[in-house]
Amino acid sequence: MPKKSTYPTPTDQSSLCLQYLRRCGGSARLCTIKFSLGVIQSLVNQRKVKITNTGAGFYVQLEDAK
């Protein structure tokens with residue numbers, strides 16, 4: 001029987017948000033993303049994503065996607 005870890009694992013949703021953006025082709029509309037604004041803000045602070053205003057709405061784009 002495997003032992004359970006005594007260390008708490010953080011439930012950080014930022015990796016799931018990055019995975020979602022990769023599946024969407026690198027960008028998605030901000031209003032369609034179901035992740036919290038705190039998760040998106042932390043990704044912006046880490047410079048992994050950027051927010052752009054296209055005139056038709058705000059988009060979240062991966063920093064390495066062009």
Side-chain angles (χ1 to χ4, degrees):
M1 187 168 187
K3 291 183 178 181
K4 291 186 178 179
S5 176
T6 57
Y7 299 105
T9 56
T11 57
D12 187 19
Q13 299 288 318
S14 61
S15 62
L16 293 175
C17 185
L18 288 173
Q19 190 177 44
Y20 173 77
L21 287 172
R22 285 187 196 109
R23 288 183 182 169
C24 290
S27 67
R29 287 188 72 148
L30 185 60
C31 64
T32 61
I33 295 178
K34 301 298 180 194
F35 294 98
S36 69
L37 292 178
V39 169
I40 296 169
Q41 183 64 49
S42 68
L43 290 173
V44 170
N45 291 344
Q46 296 171 10
R47 297 182 186 218
K48 293 186 178 182
V49 299
K50 61 182 176 180
I51 308 291
T52 56
N53 184 0
T54 62
F58 289 93
Y59 281 83
V60 179
Q61 293 180 337
L62 291 174
E63 211 36 66
D64 57 2
K66 293 184 180 179

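Quick caveat, the model's predicted, so the values are computed rather than measured.
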Rounding to 0.5 Å, atoms NZ (Lys48) and SG (Cys17) come to a distance of 11.0 Å
For the CD atom of Gln13 and the CG atom of Leu43, what is their distance to the nearest 0.5 Å? 11.0 Å
Minimum side-chain heavy-atom gap Ile33-Tyr20 below 4.5 Å: yes
Would you check if Val60 and Ser27 make a side-chain contact, meaning some heavy-atom pair closer than 4.5 Å? no
Side chains of residues 34-41: which donor-acceptor partners sit under 3.5 Å, not counting sequence neighbours?
| residue | atom | partner | partner atom | Å |
| --- | --- | --- | --- | --- |
| Ser36 | OG | Val39 | N | 3.3 |
| Gln41 | NE2 | Asn45 | OD1 | 2.9 |

Out of curiosity, Cys24 SG to Tyr59 OH, how far, rounded to the nearest 0.5 Å? 11.5 Å
Does Glu63 reach the side chain of Val49, with side-chain heavy atoms less than 4.5 Å apart? no
Could you go through the side-chain contact (heavy atoms from CB on, under 4.5 Å) check for Arg22 and Leu62 one step at a time? CA-CA 8 Å; Arg22 285 187 196 109; Leu62 291 174; 3.6 Å; yes
